[in-house]
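Only one structure is covered here, and it is reproduced in the block below.
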Amino acid sequence: MGPRWAEVRGVDWDQVTLEAFCQFSISPGLQNTPSFQFIEDPMLNPAHSSVTLIGLRAQIAS
């Protein structure tokens, strides 16, 4: 979890990202990781001032 800052050479643009996640086990062989990302001034989407992403990752192990 934490903030990130990115810059691209030759581009006058700064992007700031904040991500938070938590991993937990549902059963001995199944882990879930929900996540939340907030991106301020997204480089690849200049039409929006910010973008919010919500995700869920699952890992199955035997």
Side-chain angles (χ1 to χ4, degrees):
M1 175 171 79
R4 293 182 189 84
W5 171 76
E7 69 177 341
V8 177
R9 289 184 188 170
V11 177
D12 187 25
W13 198 287
D14 290 334
Q15 172 179 299
V16 177
T17 304
L18 176 65
E19 180 179 13
F21 61 91
C22 178
Q23 185 177 39
F24 62 92
S25 295
I26 293 178
S27 67
L30 179 61
Q31 293 182 337
N32 277 346
T33 308
S35 65
F36 171 83
Q37 294 182 33
F38 177 78
I39 304 170
E40 181 72 30
D41 294 328
M43 288 184 188
L44 298 178
N45 196 351
H48 292 88
S49 62
S50 64
V51 176
T52 302
L53 302 168
I54 297 172
L56 178 63
R57 293 177 283 216
Q59 181 177 357
I60 301 171
S62 57

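In what follows, residues are counted from 1 in the order of the sequence shown. Both backbone and side-chain heavy atoms feed into the values below; hydrogens, waters and symmetry mates do not.
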- Query: How long is the span from the CG atom in Asp41 to the OG atom in Ser49, to the nearest 0.5 Å?
  - Reply: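 These two atoms lie 7.0 Å from each other.
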
- Item | Gln59 side, atom CD; Thr33 side, atom OG1 - distance, nearest 0.5 Å |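 Output value for this atom pair is 7.5 Å.
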
- Is there a donor-acceptor pair closer than 3.5 Å between any side-chain N or O of Gln15 and the backbone N or O of Met43?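 Yes, Gln15 side chain to Met43 backbone: donor-acceptor pair under 3.5 Å.
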
- Return the set of residues passing side-chain contact (heavy atoms from CB on, under 4.5 Å) with Ser27 (not counting sequence neighbours), or none when no residue passes.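 Applying side-chain contact (heavy atoms from CB on, under 4.5 Å) to Ser27 gives Leu30.
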
- Task: Check side-chain contact (heavy atoms from CB on, under 4.5 Å) between Ser25 and all other residues, then give those that pass, not counting sequence neighbours.
- Result: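 Ser25 satisfies side-chain contact (heavy atoms from CB on, under 4.5 Å) with Gln31 only.
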
- Closest heavy-atom contact between Pro34 and Cys22?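 Closest approach of Pro34 to Cys22: CD-O, 2.9 Å.
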
- Leu56, Phe21: one ILVMFWY side-chain cluster at the under-4.5 Å cut-off?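 No, no single cluster joins them.
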
- Task: Step through the shown structure and confirm whether more than 12 heavy atoms of other residues, nucleotides or ligands are within 6.0 Å of CD1 on Ile60.
- Result: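 Not more than 12 within 6.0 Å, no.
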
